**Student:** 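Supplied in structure tokens, the structure appears directly below.
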Amino acid sequence: MPSLNDYLILAAILFAIGTAGVFLRRNLITILLSIEIMLNAVNLTFVAFGRALGSADGQIIVFFVMTVAAAEAAVGLAIVISLFRHRESLNPETFTLLKW
Amino acid sequence: MTPLLVAQIGLTLFVFLMLLQSAAVMVYFERKLAAFLQQRVGPTLVGPRGVLQPLADIIKLMFKEELRPGAADPLLFALAPIISATAAFAAFAVVPFGADTTFFGLLDQPMRLQVADVNVAILVIFAISSMSVYGIVLAGWSSNSKYSLLGGLRSSAQMISYELSYGLSLAAVLLIGNSLSLTEIVGAQSGTWFGFIPRWFVFLQPIGFVVYMIAGVAETNRAPFDFPEAEQELVAGYHTEYSSMTFAMFFMAEYINMVTVSAVATDLFLGGWHGPFLPESLGWIWFLVKVAALLFFYVWMRWTLPRYRYDQLMRFGWKILLPVAVLNLLVTAAGVLYFGL
Amino acid sequence: MTVFYLFASIAVGASLLVIAQRNPVYSVLLLIASFGALSGLYILLDAPFVAVIQIVVYAGAIMVLFLFVVMLLNAPQEDTEFDARTHPLLRPGPMKFGALLAAAFTGELIWALTRAGGGSGGFAGGAVSSVEALGRILFTDYAFAFEVTSVLILVAMVGAVLLARRDDRPGSRF
């Protein structure tokens, strides 16, 4: 029977992978995917803590996180599409102008 | 091994083989019916009245050469038909198709005619059907062909759009049935109102049933919503580049999806295996009859209605079907709340 | 325990490959595999509803959206000013900093968690796994949050439509 700590360590590793992805990758899509990994790591901690405390709150918060993730993906991808139309690139380093 | 386990494994194999066969039967059924609707005779050469035609088709497909475009992504190109076929088979696993039975006393305790008795069966079906879009999208992308890509893009947009209405029509049934288990929902539909109207949910949910069937047709990419493979515009859509058995897998998946959608509709709206005249133990006959009727409806629609235009499909899905499904859910929830159905 | 390690290794391996891939289509698919493994972990944690919702919402909706955009833009390869042979960790600037930050972060978290005591402690009884109980809590205790979330979704929807719209009017700068 895995303990709470096992789940927390797993979540920490996943969160770190997500963080590394955001910093290391130079592709907007992959950066958004890395953010999804981080959100899922957080979800895992919520469910694990909820299970450890015998409470439903952990699972409830996961629903809200998923909603936020869906909203974030929709808006994020819309921004990616409109950026791509301007510069024909997904590299965030090409988007250096604030206004033109 | 206990007899129950043996029976369960046997049942699983039986369902698998029946699903495989259903594709072949549907091919014959569809060709004959299409011919009838168009005042032709259809296949006649192979076997009596052409009944062996599907067999001939399968043999032909098996001996065709397996082709792969040079610029295709090899891994995903091979993976796509596998995802499609797996999702099609897996969805049927949680569909019950008959009352508990002991197989004429062969078993000590009764066994449920269902591969896996899951208590969140409806959610599982919904989850698996939402995975089946990947097979089509990946086929479209990995083929590296413009027709395939357009077919894949169209299908992903179409399936996401219609999945909402599909899910909302399921939710209305859940409210009435007060359960997520298909077996319990079928159980709630036994008996009659006033002694002659069967307690089928289709009478409580006529709009839900219509929404479910329309969304089901769109989900299975059948005419009049067969945009992913619209042959006049896209050659064959997402499976343009597939040949031989890989093509057969897509083809089979489409027919099995039709069977699954019809079987789920039977369980949710048409009372499953409940029906007059027959004893409970022979309920699976009613189940088969109802599924066959729905499949007939599918084929009938395909050969009657012309294909929509793509923008019409999207407008219909978002501006008509979705609001109707939401309203239906609201009215159902209010009804359940005030009348305690 | 073995099941836990199986799912955990799939989740970690797939997530690592997500950020190691150059082709976004593969990244999206590997992330779906990772979500599938997480869904298995939720079942181990007696949360079957969350597990199914994970598949329906994440794998079935959000990831399809990602795949759709990747296919629509059709710009699979990452364009970078660096030589493809240069290892990401050896590149200058924010990348190296980020990698170090992530590594330090993992190390600290694991260190803290392994020293937190009670490392082998199991779970308390009384898991809430029924959909009915969850629904009751969601629509009573969390009703306000639920309503606010629906406003968030609406805002996101309007925002997405507005951002991704192609404005064809003459004189428009977009």
Side-chain angles (χ1 to χ4, degrees), chain A residues 1-10 12-14 16-27 29-30 32-34 36-37 40 43-44 47-48 51-57 59-60 62-64 66-71 73-75 77-82 84-85 89-91 93, chain C residues 1 4 8 11-12 15-16 18-19 24 27-28 31 35 38 41-42 45-47 50 57 62 65-66 69-70 73 75 78-80 88 94-95 98-99 101-102 105-106 109-110 113 116 119-128 133-134 137-138 142 145 149 152-153 156-157 159-160 163-164:
Chain A
M1 189 69 190
S3 68
L4 176 62
N5 267 10
D6 294 334
Y7 285 101
L8 294 183
I9 290 173
L10 172 63
I13 294 171
L14 286 178
I17 292 173
T19 322
V22 171
F23 278 112
L24 290 177
R25 296 306 306 270
R26 286 289 153 264
N27 181 330
I29 301 267
T30 323
L32 283 175
L33 290 177
S34 305
E36 297 293 336
I37 297 179
N40 269 279
N43 278 354
L44 186 63
V47 176
R51 175 69 188 81
L53 299 171
S55 144
D57 294 355
Q59 295 180 46
I60 301 278
V62 169
F63 300 143
F64 292 128
M66 280 184 190
T67 329
V68 172
V75 176
L77 288 172
I79 293 175
V80 168
I81 289 178
S82 65
F84 188 79
R85 277 198 199 126
S89 164
L90 287 176
N91 188 343
E93 279 159 22
Chain C
M1 197 69 189
F4 171 79
V12 171
S15 305
L16 272 177
V18 167
I19 65 166
S27 286
V28 171
L31 193 56
F35 288 165
L38 278 176
L41 287 172
Y42 292 148
L45 283 166
D46 297 315
V50 175
V57 176
I62 299 182
L65 194 63
F66 270 98
V69 170
V70 171
L73 299 182
E78 182 164 336
D79 47 343
T80 162
M95 289 190 173
L101 201 67
F105 181 61
T106 329
L109 275 173
I110 291 174
L113 287 169
S120 58
F123 289 113
V128 184
L134 281 180
I137 296 169
L138 183 62
Y142 289 90
T149 318
L152 173 76
I153 290 274
M157 196 164 73
L163 281 169

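Numbers restart at 1 for each chain; the letters A, B, ... are given by sequence-line order, proteins then strands. None of these values were measured; they are calculated from a predicted model.
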**Student:** Indicate yes or no: at least one non-hydrogen side-chain atom of Glu36(A) is less than 4.5 angstrom from one of Phe35(C).
**Tutor:**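 They are in contact (side-chain heavy atoms under 4.5 Å apart), so the answer is yes.
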**Student:** Ignoring hydrogens, what is the shortest heavy-atom contact between Asn27(A) and Pro24(C)? Give both atom names and the distance.
**Tutor:** ND2-CG, 3.9 Å
**Student:** If I measure from the heavy atoms of chain A, does Phe4(C) come under 4.5 Å with its side chain, its backbone, both, or neither?
**Tutor:**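 Side chain only.
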**Student:** Do you know which of Asn40(A), Ile9(A), Val80(A), Ile13(A) has the most heavy-atom pairs under 4.5 Å to chain C?
**Tutor:** Asn40(A)
**Student:** Where on Ile62(C) is there a heavy atom nearer than 4.5 Å to chain A: the side chain, the backbone, both, or neither?
**Tutor:**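 When you check distances to chain A, only side chain atoms of Ile62(C) fall under 4.5 Å.
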**Student:** Counting heavy-atom pairs under 4.5 Å to chain A, which of Val50(C), Val28(C), Leu152(C) comes out on top?
**Tutor:**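 With the most close heavy-atom pairs to chain A, the winner is Val50(C).
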**Student:** According to the interplanar angle, ranging from 0 to 90°, do the rings of Tyr142(C) and Phe64(A) count as parallel (below 30°), tilted (30 to 60°) or perpendicular (above 60°)?
**Tutor:** tilted
**Student:** If you compare all heavy atoms of Asp46(C) against all heavy atoms of Arg51(A), which two are closest, and at what distance to 0.1 Å?
**Tutor:**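 What the structure gives for the nearest pair is OD2-NE, 2.8 Å.
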**Student:** Applying side-chain contact (heavy atoms from CB on, under 4.5 Å) between Leu163(C) and each of Ile81(A), Ile79(A), Leu77(A), report the one that passes.
**Tutor:**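 In the set Ile81(A), Ile79(A), Leu77(A), the residue that makes a side-chain contact (heavy atoms from CB on, under 4.5 Å) with Leu163(C) is Ile79(A).
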**Student:** Which atoms form the tightest heavy-atom contact between Ala78(A) and Ala160(C), and what is the distance?
**Tutor:**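 Taking Ala78(A) first and Ala160(C) second, the nearest heavy atoms are CB-O, 3.6 Å.
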**Student:** Search all heavy atoms of Ala56(A) against all heavy atoms of Ile137(C) and return the closest pair with its distance.
**Tutor:** CB-CD1, 3.3 Å
**Student:** Measuring from Thr149(C):OG1 to Phe63(A):CZ, what's the distance to the nearest 0.5 Å?
**Tutor:**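 Interatomic distance, Thr149(C) OG1 to Phe63(A) CZ, rounded to 0.5 Å: 12.0 Å.
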**Student:** Can you tell me which of Thr19(A), Leu32(A), Val62(A) forms the most heavy-atom pairs within a distance under 4.5 Å of chain C?
**Tutor:** Leu32(A)
**Student:** Less than 4.5 Å apart, any side-chain heavy atom of Phe84(A) and any of Val69(C)?
**Tutor:** no
**Student:** Out of curiosity, Leu33(A) CG to Ser27(C) OG, how far, rounded to the nearest 0.5 Å?
**Tutor:**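 Answer for the CG-OG pair, Leu33(A) versus Ser27(C), is 6.0 Å.
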**Student:** Does some side-chain heavy atom of Leu10(A) sit less than 4.5 Å from a side-chain heavy atom of Leu41(C)?
**Tutor:**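 Result yes, sub-4.5 Å side-chain heavy-atom pair found.
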**Student:** Could you tell me which residues satisfy side chain to side chain donor-acceptor pair (under 3.5 Å) with Asn43(A), sequence neighbours excluded, listed by chain and number?
**Tutor:** none
**Student:** How many angstroms lie between atom CD1 of Ile19(C) and atom OG1 of Thr30(A), to the nearest 0.5 angstrom?
**Tutor:** 10.0 Å
**Student:** Shortest non-hydrogen contact from Leu14(A) to Ala11(C)?
**Tutor:**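 Minimum heavy-atom separation between Leu14(A) and Ala11(C): CD2-O, 3.8 Å.
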**Student:** So what's closer than 4.5 Å to chain C heavy atoms on Val68(A): side chain, backbone, both or neither?
**Tutor:** both
**Student:** Can you tell which part of Leu38(C) gets under 4.5 Å to a heavy atom of chain A, answering side chain, backbone, both or neither?
**Tutor:** side chain
**Student:** Taking side chain as everything from C-beta outward and backbone as N, CA, C, O, which of these in Leu138(C) sits under 4.5 Å from a heavy atom of chain A? Side chain, backbone, both or neither.
**Tutor:**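 Both backbone and side chain.
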**Student:** State, yes or no, whether a side-chain contact exists between Val18(C) and Ile17(A) at a heavy-atom distance under 4.5 Å.
**Tutor:**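 Contact flag for Val18(C)/Ile17(A) side chains = no.
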**Student:** Examine whether an atom of Val75(A) lies under 4.5 Å from a heavy atom of chain C, and if so say whether it belongs to the side chain, the backbone or both; otherwise answer neither.
**Tutor:**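 Answer is both: backbone and side chain atoms of Val75(A) are under 4.5 Å from chain C.
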